[in-house]
**Student:** 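Just dropping this structure here.
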Amino acid sequence: MSCSFPFDWVDAFTDTPFGGNGCAVVHDGGAVDVETCLKYTRETGLVECTFVGPSDVADAKVRCFFPTMEIPFAGHPTIASVASLLSRGVVKGPSLTLETGAGVVPIEVSPDGLITMTQNAPVFGDEVSPGLIARLSGLSDDDIIGQPQVVSTGLPFCIVALKSHDALRKATLDLDVLPEFQKGLTVNGVQVMEPYFVALGGATDAGDSFGRLLLAPPSPPEDPFTGSATGCAASYLWKHGLIDRPRYVAQQGHDLGRPGQAQVEVLGPRDAISGVKVSGQGRIVMAGEVHF
């Protein structure tokens with residue numbers, strides 16, 4: 001017997017259609033099995049989709065899916081889910097909470113629609129050889145600033161700071177080297193997928209950093225905006241003294257024709273970061289029903 005559930009297609013980290021990063025938010029009430037959620041995510045061609053329902057510990061529960069697996073947390077799906085939940089009157093601002101696989105995430109909503117999530121205190125994990133990153137990305141060791149390191153604020157990424165936007169744009173993803181890079185790289189049992197590259201200076205004058213996340217199949221080749229990695233990168237940059245102030249504007253996706261940006265604030269001193277606030281807007285561009 002088939003079932004139907006309402007959904008919203010939301011572009012996150014943008015206030016205009018077809019910018020930022022898209023996410024389909026399905027209001028399934030927790031009824032859909034994992035395999036169907038994975039098939040649906042692959043069907044959309046998006047990097048991630050969410051399935052939302054009631055929670056015993058928060059205002060709503062959000063399950064987040066890559067095409068290949070369920071993940072504990074992700075940034076742009078969080079923004080998209082909140083925008084959808086607010087639009088449908090399931091939750092109300094200005095303060096609410098979401099249950100995720102990474103714990104309960106506090107959310108603030110400003111009068112102008114800016115959605116702020118407070119990500120977990122960062123866990124700083126393994127360091128990765130710049131030489132290995134260079135082989136993986138087609139860059140040289142000289143393109144890389146400092147020591148690449150795994151960081152998680154709910155979902156782990158290897159943060160790689162680059163010297164220039166030219167290096168950022170040159171980066172590629174060698175799928176033959178990727179298994180060597182990923183081997184043994186986990187945080188709390190969650191596998192590190194691909195490195196997140198970041199360079200200082202915005203894609204436009206409004207930004208302070210510019211990032212890229214290249215992806216392996218069956219995901220799209222590149223993520224337009226990565227909210228969880230933005231929090232990890234902010235923690236890395238602040239801890240290692242690569243930024244002078246803990247509050248700035250992160251940009252991503254401009255070279256893909258999907259410009260997005262987030263307001264970021266790292267909480268606490270460099271040696272004792274207590275969390276990261278990542279803020280963005282969500283724009284609903286489609287709504288309807290999905291039939292399983």
Side-chain angles (χ1 to χ4, degrees), residues 7 9-13 18-26 32-51 63-78 80 101 128 132-139 148 150-152 154-160 162 167-187 189-198 210-230 232-233 252-260 286 290 292:
F7 82 93
W9 189 297
V10 186
D11 288 342
F13 292 106
F18 317 123
N21 201 352
C23 177
V25 182
V26 180
V32 178
D33 64 275
V34 169
E35 186 56 36
T36 301
C37 295
L38 294 170
K39 288 179 178 179
Y40 177 75
T41 303
R42 290 193 289 269
E43 182 78 5
T44 66
L46 293 165
V47 176
E48 289 140 324
C49 293
T50 62
F51 290 74
R63 295 185 295 154
C64 187
F65 292 86
F66 280 153
T68 53
M69 63 180 174
E70 184 172 3
I71 57 175
F73 171 78
H76 93 268
T78 298
V128 179
L132 176 56
I133 295 295
R135 288 197 294 116
L136 176 66
S137 62
L139 300 173
V150 173
V151 185
S152 177
L155 187 68
F157 293 89
C158 179
I159 304 302
V160 182
L162 299 179
L168 186 71
R169 291 185 168 105
K170 284 192 305 182
T172 57
L173 188 66
D174 189 327
L175 297 179
D176 292 329
V177 180
L178 186 61
E180 179 184 353
F181 161 78
Q182 291 176 328
K183 186 176 181 180
L185 282 187
T186 62
V187 175
V190 181
Q191 175 71 56
V192 175
M193 303 300 290
E194 295 90 2
Y196 184 78
F197 300 99
V198 62
F210 193 21
R212 290 184 74 197
L213 180 67
L214 305 174
L215 299 170
S219 294
E222 186 168 344
D223 199 24
F225 199 98
T226 319
S228 48
T230 295
C232 295
Q252 189 179 336
H254 292 63
D255 292 347
L256 301 175
R258 296 193 64 96
M286 283 185 278
V290 58
F292 296 137

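Treat the numbers as computed from the prediction; the structure is a model and nothing was measured. Excluded from the calculations below are hydrogen atoms, water molecules and symmetry mates; all remaining heavy atoms, backbone and side chain alike, are included.
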**Student:** Might you work through the side chain to side chain contact (heavy atoms under 4.5 Å, CB included) test for Thr36 and Lys39, ending with a clear yes or no?
**Tutor:** CA-CA 5 Å; Thr36 301; Lys39 288 179 178 179; 5.6 Å; no
**Student:** Counting only N and O atoms by type, is there a donor-acceptor contact under 3.5 Å from the side chain of Arg212 to the main-chain atoms of Leu168?
**Tutor:** yes
**Student:** Check whether Gln182 reaches the backbone of Glu194 with its side chain - one donor and one acceptor, N or O, closer than 3.5 Å.
**Tutor:** no
**Student:** Where is the tightest heavy-atom contact between Pro72 and Gly154, given as atom of each residue plus distance?
**Tutor:** CG-O, 3.4 Å
**Student:** Does Val26 reach the side chain of Thr50, with side-chain heavy atoms less than 4.5 Å apart?
**Tutor:** no
**Student:** Looking at Cys158 and Pro148, what are the two nearest heavy atoms and their distance?
**Tutor:** SG-CB, 4.0 Å
**Student:** Side chains of Phe197 and Ile133: does their closest heavy-atom pair fall under 4.5 Å?
**Tutor:** yes
**Student:** Are any of the side-chain heavy atoms of Ile71 and Val190 separated by less than 4.5 Å?
**Tutor:** no
**Student:** A side-chain contact here means heavy atoms from C-beta on lying under 4.5 Å apart; do Cys232 and Val150 qualify?
**Tutor:** no
**Student:** First locate atom CG of Leu162, then atom NZ of Lys170, and finally report the distance between them rounded to the nearest 0.5 Å.
**Tutor:** 9.5 Å
**Student:** Given Gln252 and Thr226, is the side-chain hydrogen bond (donor to acceptor under 3.5 Å, both in side chains) satisfied, shown in steps?
**Tutor:** CA-CA 8 Å; Gln252 189 179 336; Thr226 319; 3.0 Å; yes
**Student:** Do Tyr40 and Phe65 have ring centroids that are under 6.0 Å from one another?
**Tutor:** no
**Student:** So which atom in Thr41 and which in Cys49 form the shortest heavy-atom distance, rounded to 0.1 Å?
**Tutor:** OG1-CB, 3.5 Å
**Student:** Is the backbone N or O of Ser137 less than 3.5 Å from a side-chain atom of Thr172, with the two atoms forming a donor-acceptor pair by type?
**Tutor:** yes
**Student:** What heavy-atom pair brings Leu38 and Met69 nearest, and what distance separates the two atoms?
**Tutor:** CD2-N, 3.3 Å
**Student:** Could Arg135 and Asp174 be called an ion pair, given the rule that one side-chain N must be under 4.0 Å from one carboxylate O?
**Tutor:** no
**Student:** Set out, in order, the CA-CA distance, both residues' side-chain angles and the distance that settles side chain to side chain contact (heavy atoms under 4.5 Å, CB included) for Leu185 and Gln191, then state yes or no.
**Tutor:** CA-CA 6 Å; Leu185 282 187; Gln191 175 71 56; 4.3 Å; yes
**Student:** Could you check whether any side-chain N or O of His76 sits under 3.5 Å from a backbone N or O of Gly22, counting only pairs where one atom can act as donor and the other as acceptor?
**Tutor:** yes
**Student:** Counting C-beta onward and ignoring hydrogens, is there a side-chain heavy-atom pair between Val198 and Val160 closer than 4.5 Å?
**Tutor:** no
**Student:** Is Val192 close to Phe181 at the side-chain level, that is, under 4.5 Å between some pair of heavy atoms?
**Tutor:** yes
**Student:** Looking at every heavy atom in both Ser152 and Val187, which two are closest together, and how far apart are they?
**Tutor:** CB-CG1, 3.8 Å
**Student:** Are the side chain of Arg258 and the backbone N or O of Gly20 linked by a donor-acceptor pair below 3.5 Å?
**Tutor:** yes
**Student:** Just wondering, do Phe73 and Ser228 contact through their side chains at under 4.5 Å, heavy atoms?
**Tutor:** yes
**Student:** Got a second to check how far Phe157's CZ is from Met193's CE, nearest 0.5 Å?
**Tutor:** 9.5 Å
**Student:** Using distance alone, with no hydrogens and no angle criterion, decide if Asp223 and Asn21 have a side-chain donor and acceptor under 3.5 Å apart.
**Tutor:** yes
**Student:** About how many Å separate CG of Leu46 and CH2 of Trp9, when rounded to the nearest 0.5 Å?
**Tutor:** 4.0 Å
**Student:** Looking at side-chain heavy atoms only, is the closest gap between Val25 and Phe51 below 4.5 Å?
**Tutor:** no
**Student:** Please check if the number of heavy atoms outside Glu43 that lie under 6.0 Å from its CD is greater than 12.
**Tutor:** no
**Student:** Check Asp255 against Arg169 and note the closest heavy-atom contact, atom names and distance.
**Tutor:** OD2-NE, 2.6 Å
**Student:** Tell me whether Glu48 is salt-bridged to Arg63, with the criterion being a basic N under 4.0 Å from an acidic carboxylate O.
**Tutor:** no
